[in-house]
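Since the structure comes first, as structure tokens, the remarks are kept for the end.
Note: hydrogens, waters and symmetry copies are ignored here, and every other heavy atom, side chains too, is used. Predicted, not measured: the structure shown is a model, and the values here were computed from it.
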Amino acid sequence: GATLSKQPGIHSAPFGNAVGRPIIHGLSGARVKIMEDRIDTLDLSVTSGDHAVSIEPFIVERIEVLKGTGTLLYGSGAIGGVVDIHTGRIPHQIPKKSFSGGIETRYNDSANANTTSVKLNGGKNHFAWHLDATKKDSDNYKIPGFAESSRLRALEGESDEEHMSDVLPGSFFDFESAAVGGSYIQDWGFIGLSVSRTDADYGLPGHSEHEEEHEGEEEEGHGETPTLILKQTRSDFELGLKDPFSTISSINVRLGVNDYAHQEIEPNGEVATRFTNKAWESRAEALFDNGSWSNVVGVQHSQRKFSALGEEAFIQPVDTKESALFWLGERSFSSIDIKAGLRVNETQHKPSIAADRNFTNYSASIGSVIPITDHWTINTIIDYSSRAPVAEELYSEGPHLTTNSFERGNISLDSESAINLSAMLQYEDERWSASVTTYQTTFSDFIYQQATGEQLDDLPVFDYQQNDATFLGADIELAAKLFQQSNKPIQLKALFDFVDAEVDISGNQHLPRTPPTRYGLGLEAQWGRFSGSIDYLRVDDQLDTADLELATDAYNDLSAYAEFKHALNDTVALTSFLQGKNLTNDEQRVHTSFIKDFAPAPARTIEVGFRLVF
């Protein structure tokens, strides 16, 4: 989430520094599918705001964000979009160099945080291999002065002195990951495997209820906040065939198997809840050209065995199966390019106690790319998407301290559907580039949580309900080359985005955690071996709040980056870099976070690091 959060239209839902799922055009959770090399992450990050996405950004080769027609390759429920993280853990071709890689290390002064990441690639003859490993550790990070927001302090009627703090309790983390992969590569294609392991230990800030319940128990060594301990082993398989038949240009088969578990530990060291998720997903797709259309057809199947056991297990164990058929086609005409797609999904939930639920969902999309002039292009997309409720929406029943609520699912929920209309106007010449995107997503039977006014276990009750809803928004991105120094331009950038989300009910129609409006301005430059940038982001206040949700104040975010690259020889380069974040030391509360009133973003942070590439 943090990696993508400054892209127009994309925000993050942070939970301290260890967790953050991306939000696209105001949509999050199950409506944004996150994948590792075209297979779902198969973790539990959708289940709760404090569950981390089990992918380490430092090993990523590139991140691809799909919206519109392309999402139908991966899921009809991805109404907001698809985020595909490409790791390169299964090589597709023999590398040009028999041995290459990189090492990066960095230090962060705000949390006394250290990160070291290593990536190695190699190959010879018909075999290619990959290795990567990352270790990160961080103390509690510094904050500008108050853990609780001014609005929450006023609501509680407590003095400011009670909430002054140098650091945010529970914002520490310790993370380790390692992976090995290899492929056998021939003229006919390749076959490859990879295995990765992730171990994480991070605090859960903002749990005031835990702190009160276990007051005085910190002496046992577990600190003043709960801790989450995560362990995951993932195995991946891929088969790629080139021109297997005269009419088919390629076939690709993917399989991912994940064994995920985490424990939520109380401050006294007791295990409060154990979560497990044993899941696998497979897909096969074929590419062919029938003379008019370029086509992709495929099948996808996944199974998940989810279990939550313990005093804070707010959902019963559920087995979920999902199967799909999909088609995506492209065709070029003299003055327009067309992309269209269809997908049908079958979903089955089998809980341990409640009744089974089965859903059939259909989705369709058509998009166009129309060149207006040599510099102007307009893209349009019309989508119809249908999403089955996830298990949490159907079967939740219990206290969920992460969200400070008692959550009640609704076993009678129907599928939600959405019609999305979007248009993007793009301009590009030698000096200027610009894009303006507007969109409207109209939901039927939108699934959301509504405050009931009741209390259970001293927590406000939130029920899952369905009503129609509308999301309206716009993203703008501009870039201009001001002038060039030795054929290296100084570039000015600007961005703007906003989204308005409302549910069609009487009374308060605002949906919770709707991203606020943002404005940004940045400057990038390069002089010989030096390069740098400075970026300013203004995040407006968010006053359009749901029931029991507090408004959030505006803030500034000023950051700067500088690096010096030195070539040690023809194949080895050393880069040193310096980065400053929140340089104005503003109190930054991210409205999309479940704990924004308990946990501000870090104070002014200086980060220094080195990167060796060979």
Sub-4.5 Å side-chain heavy-atom contact between H25 and Y439: yes

No-hydrogen, no-angle side-chain donor-acceptor test under 3.5 Å, H591 and E549: yes

Contact check, side chains of S385 and S363, non-hydrogen atoms, under 4.5 Å: yes

Short side-chain donor-acceptor distance under 3.5 Å, N108 and S110: no

Short side-chain to backbone donor-acceptor contact, T438 and A474, under 3.5 Å: no

Residue pairs, two or more places apart or on separate chains, that pass side chain to side chain donor-acceptor pair (under 3.5 Å) and touch residues 12-21: R21-S45

Evaluation steps, side-chain hydrogen bond (donor to acceptor under 3.5 Å, both in side chains), between Q232 and S54: CA-CA 8 Å; Q232 173 182 285; S54 57; 2.8 Å; yes

T605-E607 side chain donor-acceptor pair, cut-off 3.5 Å: no

Side chain proximity check, T273 to V271, heavy atoms < 4.5 angstrom: no

Whether N277 side chain and L42 backbone form a donor-acceptor pair below 3.5 Å: yes

Minimum side-chain heavy-atom gap F598-P205 below 4.5 Å: no

Under 3.5 Å donor-acceptor, Q509 side chain and I505 backbone: yes

Crowding at CG, L583 (>12 non-hydrogen neighbours, <6.0 Å): yes

Donor-acceptor contact present, side-chain D84 to main-chain E64, <3.5 Å: no

Test log, rule side-chain hydrogen bond (donor to acceptor under 3.5 Å, both in side chains), inputs Y107 and N112: CA-CA 7 Å; Y107 172 78; N112 191 31; 3.0 Å; yes

Aromatic ring proximity F173/Y141, centre distance under 6.0 Å: no

Flag for S386-N361: side-chain donor and acceptor within less than 3.5 Å: yes

Main-chain N/O of V590 paired to S593 side chain as donor or acceptor, under 3.5 Å: no

Candidate pair R408 and L456, rule side-chain contact (heavy atoms from CB on, under 4.5 Å), full reasoning: CA-CA 11 Å; R408 287 196 303 216; L456 289 172; 4.1 Å; yes

Residue pair I595, F15: steps toward the side-chain contact (heavy atoms from CB on, under 4.5 Å) verdict: CA-CA 7 Å; I595 57 170; F15 202 97; 3.4 Å; yes

Check: E393 main-chain N/O paired with S396 side-chain donor or acceptor under 3.5 Å: no

Centroid-centroid distance, H400 to F406, less than 6.0 Å: no

Polar contact flag, side-chain donor to acceptor under 3.5 angstrom, Q450-D547: yes

Stacked cation flag K136 on F175, 6.0 angstrom / 45 deg: yes

V499 and T514, any side-chain heavy atoms less than 4.5 Å apart: yes

Value rounded to 0.5 Å, distance of OG in S365 from CD1 in I381: 6.0 Å

Donor-acceptor pair between E270 and N268 side chains, under 3.5 angstrom: yes

Taking every non-hydrogen atom, the tightest pair across A418 and T441: CB-CG2, 3.9 Å

Interatomic distance, L495 atom CG to L478 atom CG [nearest 0.5 angstrom]: 9.0 Å

Test log, rule side-chain contact (heavy atoms from CB on, under 4.5 Å), inputs F446 and T470: CA-CA 9 Å; F446 181 80; T470 302; over 6 Å; no

Output field: ring centroids H51/F275 closer than 6.0 Å: yes

Flag side-chain contact, heavy atom, 4.5 Å: M35 against V82: yes

Residue of the set K596, R151, Q588, R589 for which side-chain hydrogen bond (donor to acceptor under 3.5 Å, both in side chains) holds with T552: K596

Expected output: side-chain N140 to main-chain G170 donor-acceptor under 3.5 Å: yes

Side chain Q466, main chain D445, donor-acceptor under 3.5 Å: yes

Side chain D504, main chain D468, donor-acceptor under 3.5 Å: no

Derivation and outcome, salt bridge (Lys or Arg N to Asp or Glu O under 4.0 Å), residues K135 and D174: CA-CA 8 Å; K135 179 173 175 53; D174 192 349; 3.6 Å; yes

Check: N556/Y536 side-chain N/O donor and acceptor closer than 3.5 Å: yes

Check: Q579 and V608 side chains under 4.5 Å, non-hydrogen atoms: no

Close side-chain approach of E502 to H510, heavy-atom, < 4.5 Å: yes

Shortest non-hydrogen contact between S559 and K6, atoms and distance: OG-NZ, 3.7 Å

Distance-minimising heavy-atom pair for T134 and S117: OG1-OG, 3.1 Å

Non-hydrogen atoms of D586 and P144 that approach each other most closely: O-CG, 3.4 Å

Salt-bridge criterion met for D535 and K493 (N-O under 4.0 Å): yes

K581 with D557: basic N within carboxylate O range, under 4.0 Å: no

Distance, nearest 0.5 Å, that separates CG of D497 from CD of Q7: 10.5 Å

Nearest-0.5 Å distance that lies between atom OG in S405 and atom CZ in F314: 8.5 Å

D457 side chain vs L459 backbone, donor-acceptor pair below 3.5 Å: no

Polar side chain donor-acceptor pair, T47 to E392, under 3.5 angstrom: yes

Trace of the side-chain contact (heavy atoms from CB on, under 4.5 Å) decision for L230 with D199: CA-CA 6 Å; L230 181 158; D199 292 274; over 6 Å; no

Closest heavy-atom pair and its distance - A601, I143: O-CG2, 4.2 Å

Gap separating the CZ atom of F498 from the CG atom of D475, nearest 0.5 angstrom: 9.0 Å

From CZ (F306) to CD1 (I315), nearest 0.5 Å: 5.0 Å

Cation-pi, F594 ring and R513 (6.0 angstrom, 45 degrees): yes

For P267 against P226, the heavy-atom pair lying closest together: CG-N, 4.0 Å

Within 45° cone of F146 ring axis and under 6.0 Å: R153 NZ or CZ: yes

Pairing of R387 and E416 as salt bridge, 4.0 angstrom limit: yes

Under 3.5 Å side-chain donor-acceptor pair for Y395 and E397: no

